[in-house]
Amino acid sequence: EVQLVESGGGLVQPGGSLRLSCAASGFSFSGYWMNWVRQAPGRGPEWMTNIKGDGSQTHYVDSVRGRFTISRDNAKNSLYLQMNSLRAEDTAVYYCARDGQARGVFDIWGQGTMVTVSS
Amino acid sequence: QSALTQPASVSGSPGQSITISCTGTSSDVGGYNLLSWYQQYPGQAPKVIIYDVSNRPSGVSDRFSGSKSGNTASLTISGLQAEDEADYYCNSYSSSSTPHYVFGPGTKVTVL
């Protein structure tokens with residue numbers, strides 16, 4: 001079964017750090033661009049960042065560039081998101097998503113992990 | 001704050017057809033055919049129902065169709081069913097600022 005499972009969410013204070021993980025199974029992980037998409041409570045999804053299958057290219061939305069870092073370990077079929085300098089506005093459900101067509105077709109999503117930034 | 005605009009809500013009776021619009025600019029919707037639509041139920045992850053403007057993934061009902069004219073894309077749901085009540089989001093590649101993908105704010109579809 002093709003599956004993505006996120007972990008690592010939780011409660012963190014403003015200015016703190018958190019590392020999210022996404023475990024992939026059921027497909028050739030290294031062959032796909034992978035993405036992190038977040039969704040604040042009551043809001044629409046927000047694409048944040050992606051990484052090419054071999055890890056050679058990454059892109060970020062302006063709001064997280066310089067604070068968040070996407071990475072992957074293809075040997076472990078895992079995707080990561082290192083989040084630093086967290087702000088209240090980063091509070092959201094964080095999803096990892098596969099780009100099935102290498103052009104923004106997010107065809108497989110995880111169940112999401114909640115990140116709450118609050119003192 | 002989304003760069004794309006969608007109506008906040010659309011409603012229809014069972015069996016009717018409804019259309020949801022997604023308006024952007026020539027830097028996103030109008031400039032590329034990298035436009036997809038997602039359906040989301042409460043507490044669940046989004047699911048892609050249309051990609052590349054008008055293509056349906058395998059397993060998605062043919063009651064869902066997509067199109068684009070200029071800077072506006074549209075999702076049409078034909079033969080509306082109770083199970084179609086959900087939130088719908090458009091997503092487009094954008095070349096403004098650094099290349100990235102942008103979601104619309106979403107449209108709540110209500111089946112009357």
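Proteins get letters first, then strands, A, B, ... in listed order; numbering begins at 1 in each. Hydrogens, waters and symmetry mates are skipped; everything else that's a heavy atom, side chains included, is used. As the structure is a prediction and not an experimental result, all values here were calculated from the model.
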Query raised in the report: Mind checking whether B:Tyr38 and A:Pro45 have side chains closer than 4.5 Å, heavy atoms only?
Result: no
Query raised in the report: Are A:Val64 and A:Leu79 linked, directly or through other ILVMFWY residues, by side chains that come within less than 4.5 angstrom of each other?
Result: yes
Requested in this report: Look at the side-chain heavy atoms of Ile, Leu, Val, Met, Phe, Trp and Tyr, link any pair under 4.5 Å apart, and say whether A:Tyr95 and A:Tyr80 land in one connected group.
Outcome: no
Report task. Working to the nearest 0.5 Å, report the span between OH of B:Tyr89 and CD of A:Glu46. Result -> 12.5 Å
Query raised in the report: Does any heavy atom of chain A fall under 4.5 Å from the side chain of B:Tyr93, the backbone, both, or neither of them?
Result: neither
Requested in this report: Find out if a path of hydrophobic residues (ILVMFWY) with successive side-chain heavy-atom gaps under 4.5 Å connects A:Tyr32 to A:Val2.
Outcome: yes
Query raised in the report: Can you list the residues that meet the side chain to side chain contact (heavy atoms under 4.5 Å, CB included) rule with B:Pro57, with sequence neighbours excluded?
Result: B:Val48, B:Tyr51, B:Val60
Requested in this report: Kindly say whether A:Trp47 contributes a backbone atom to a donor-acceptor pair with the side chain of B:Tyr101 at under 3.5 angstrom?
Outcome: no
Query raised in the report: Between B:Lys47 and A:Asp107, does at least one N-O distance fall below 4.0 Å, as a salt bridge requires?
Result: no
Query - Hydrophobic cluster membership, A:Val117 vs A:Leu18, 4.5 Å side-chain cutoff - result: yes
Report summary line: Checked A:Gln39, A:Met48, A:His59 vs chain B; the most non-hydrogen pairs under 4.5 Å come from A:Gln39
Query raised in the report: Do B:Gln44 and A:Gln111 touch side chain to side chain, with heavy atoms closer than 4.5 Å?
Result: no
Requested in this report: Flag the one option from B:Pro46, B:Gly106, B:Ser36, B:Gly43 with the top tally of heavy-atom pairs under 4.5 Å to chain A.
Outcome: B:Pro46
Query - Largest heavy-atom contact set with chain A, pairs under 4.5 Å, which of B:Asn91, B:Asp52, B:Leu35 - result: B:Asp52
Query raised in the report: What part of A:Phe106 gets closer than 4.5 Å to chain B, counting heavy atoms only: side chain, backbone, both or neither?
Result: both
Query raised in the report: With a 4.5 angstrom heavy-atom cut-off, which part of A:Val93 approaches chain B: side chain, backbone, both or neither?
Result: neither
**Report entry** A:Trp36 with A:Val115, same ILVMFWY side-chain cluster at under 4.5 Å
**Finding:** yes
Query raised in the report: Among all residues two or more places apart in sequence or in another chain, which pass the salt bridge (Lys or Arg N to Asp or Glu O under 4.0 Å) test with A:Asp62?
Result: A:Arg65
